[in-house]
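Here, residue 1 is the first one in the sequence, and each next residue gets the next number.
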Amino acid sequence: MAIDFDPIGIPDEPDDPENPLGDTADAWCPYCGEPCELVVDPGGGAHQEYVEDCPVCCRPWRVTATWYDGVASVRLDTEDE
């Protein structure tokens with residue numbers, strides 16, 4: 001199962017001083033469906049892939065984040081896909 005998110009804009013200057021890396025994306029675990037929040041880091045490059053565990057059910061997601069002209073698109077996939 002894959003979860004796609006609507007593109008989100010990445011501000012030049014973060015609005016939240018406690019989140020200096022960028023913006024956040026609301027997400028839902030593709031395993032348990034619980035809502036969570038991902039920090040998207042525009043400083044990590046235009047295309048990023050990494051594994052992050054669900055904070056609720058602890059199962060691993062494959063996170064893909066891609067930036068086009070300052071706008072991020074985020075996708076979660078299960079590790080068994």
Under 3.5 Å donor-acceptor pairs involving side-chain atoms of residues 50-60, not counting sequence neighbours:
none

Problem set entry | Contacts of type side-chain contact (heavy atoms from CB on, under 4.5 Å), residue T66, not counting sequence neighbours |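 If we apply the side-chain contact (heavy atoms from CB on, under 4.5 Å) test to T66, skipping adjacent residues, the hits are H47, T64, Y68.
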request  = Side-chain contact test, heavy atoms from C-beta onward, threshold under 4.5 Å: evaluate it for C29 versus W61 and give yes or no.
outcome  =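 In short, these two side chains touch, coming nearer than 4.5 Å.
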Quiz prompt | R62/E79 salt bridge by N-O under 4.0 Å criterion | solution =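 A salt bridge is present here (some side-chain N lies under 4.0 Å from a carboxylate O).
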D77 and V63: CA distance, side-chain angles, deciding distance, side chain to side chain contact (heavy atoms under 4.5 Å, CB included) verdict
CA-CA 7 Å; D77 293 297; V63 180; over 6 Å; no
